[in-house]
Amino acid sequence: MRRVVITGLGMVSPLACGVEETWSRLLAGESGAGPITRFDPARVTTKYACEVPQGDGSDGTFSPDDWMEPKERRKVDDFILFAMAAADQAVRDAGWTPEDEEGRLRTGVMIGSGIGGLSSIADTAILMNEKGPRRVSPFFIPGSLINLASGQVSIRHGFKGPNHSVVTACATGAHAIGDAARLIALDDADVMVAGGAESSICEIGIAGFNACKALSTKRGDDPKSASRPWDSERDGFVMGEGAGVVVLEEYEHAKARGAKIYAEVLGYGMSGDAYHITAPSEDGDGGYRAMQVALKRAGIQASDLDYINAHGTSTMADTIELGAVERLLGNAAGKVTMSSTKSSIGHLLGAAGAVEAIFCILAIRDQVAPPTINLDTPPEGAVIDLAPNAKREREINYVMSNSFGFGGTNASLVMGKVDA
Amino acid sequence: MSDIADRVKKIVVEHLSVDEDKVTESASFIDDLGADSLDTVELVMAFEEEFGIEIPDDAAETIQTFGDAVKFITEAA
């Protein structure tokens, strides 16, 4: 199997537009949560979320005009806009602009989303109800379909290789990176632009997750404290939005063009719970098996891991994952740091796995594990270091990123330092 | 220029992000103003909305230029 490395990173997050801006704020323990501004939340229970900071592009704000012309932007849902922005950043960071047809043919795109154009679908349904089917825009369907993120990115950059898209709820971003890495390993492509994007902070999105009893509802007076993975006072996740995109590249291909190599994708594990539509099984068996397979594929032992970016959504499932991880690590649990960056950025659903994989890559680069903020009362008896409220400067050679989704779908990625 | 032509021009400029002076009588939406087939569908919908008229699909196909649009709407409105 061919080796796959990461050579480019791109991100739009609730902390900032841009990888480095987000990373520095994450390490500083900032929160991206605040009152909902994207729509009038008067009718929904949860009135706070982690929105992408909008602005003129300065100080880490996201300026839509920087990434898509107004004429084109009107035709797409925001998850596609976020994907375009993150993909542009990642491609630029990788310095990959294929000059010849062969290079374009060997470069593919795999960007997924959990829900896709939810607000466009809701808005269009209301419009049709009020004004009839003749008012439905010709751009409604191509602006809402999940795989149009991959489609739009391929059109802009001329990437003619595999064009694919993953939809596995909150595991989407991790599955996209893992599956795309396999396409390179199996020689279907030399370069893949992969990740996830999401923009579900709309009335129907909040109402839907409120109905599932999945969202935090009790912290309206202090939204920044609402996402608190593992903390005894946690009461649900905080919805985030944004996109994470990486450039994956075959190792020799990257070396030959002198690309900067961040890390190597070593292992990828998948499993299904076969248990419940929204809840993981009590023993965390599905997550455990995904992690086990990822380690096996990577050819390393659990005790080799230094940092784990947990799924850790700030729901009751946090302790189930914790139990599975400690079972996996056994006696090594005491030497590993695990944090949930959802404490700072909320839950980006289909983008979460990709954004969190990028945090893992940066943890390797900078030898620092980001904190779990708002973790004031950790679970009793936890052996693993959950980095409560403080980053950890430490040796990091091997990392794991966990992502679990509704439907009982689990993905774990193992990445490591490249000693080239 | 008539009021109708002004309003049509405004819609074309907004939807296609083109300079106003490019929107001439004979300017073709697709050949001169950068529209694709979906853009023209949306333009026709915008004309219907603005002028409160219905433009049947077979008639919409005959509206290729700014001049065509103004002429059709002037007759229909």
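Excluded from the calculations below are hydrogen atoms, water molecules and symmetry mates; all remaining heavy atoms, backbone and side chain alike, are included. Just so we're on the same page: letters track the sequence lines, and every chain starts at 1.
Of all the heavy atoms in B/Asp57 and A/Arg134, the pair that sits closest is OD1-NH1, 4.3 Å. Minimum interatomic distance between A/Lys71 and B/Gly34 (heavy atoms only, all atoms of both residues): NZ-O, 3.6 Å. Nearest heavy atoms, B/Leu38 versus A/Pro142: CD1-CG, 4.5 Å. Across all their heavy atoms, B/Glu42 and A/Ser137 have their closest contact at OE2-OG, 3.8 Å.
With a 6.0 Å radius and a threshold of 12 heavy atoms from other residues, nucleotides or ligands, B/Glu20 has its CD atom at or below the threshold. Heavy atoms of other residues, nucleotides or ligands lying less than 6.0 angstrom from CD of A/Gln54 number more than 12. Under a cut-off of 6.0 angstrom, the local environment of NE2 in A/His157 is crowded, with over 12 non-hydrogen atoms contributed by other residues, nucleotides or ligands. Under a cut-off of 6.0 angstrom, the local environment of CD1 in A/Ile204 is sparse, with at most 12 non-hydrogen atoms contributed by other residues, nucleotides or ligands.
Contact check for A/Glu72 versus B/Ser17: no side-chain heavy atoms found under the 4.5 Å cut-off.
Salt bridge annotation for B/Glu48-A/Lys131: absent, with no cationic side-chain nitrogen under 4.0 angstrom from a carboxylate oxygen.
Interface remark: B/Leu43 contributes no atoms to any contact with chain A (heavy atom separation under 4.5 Å).
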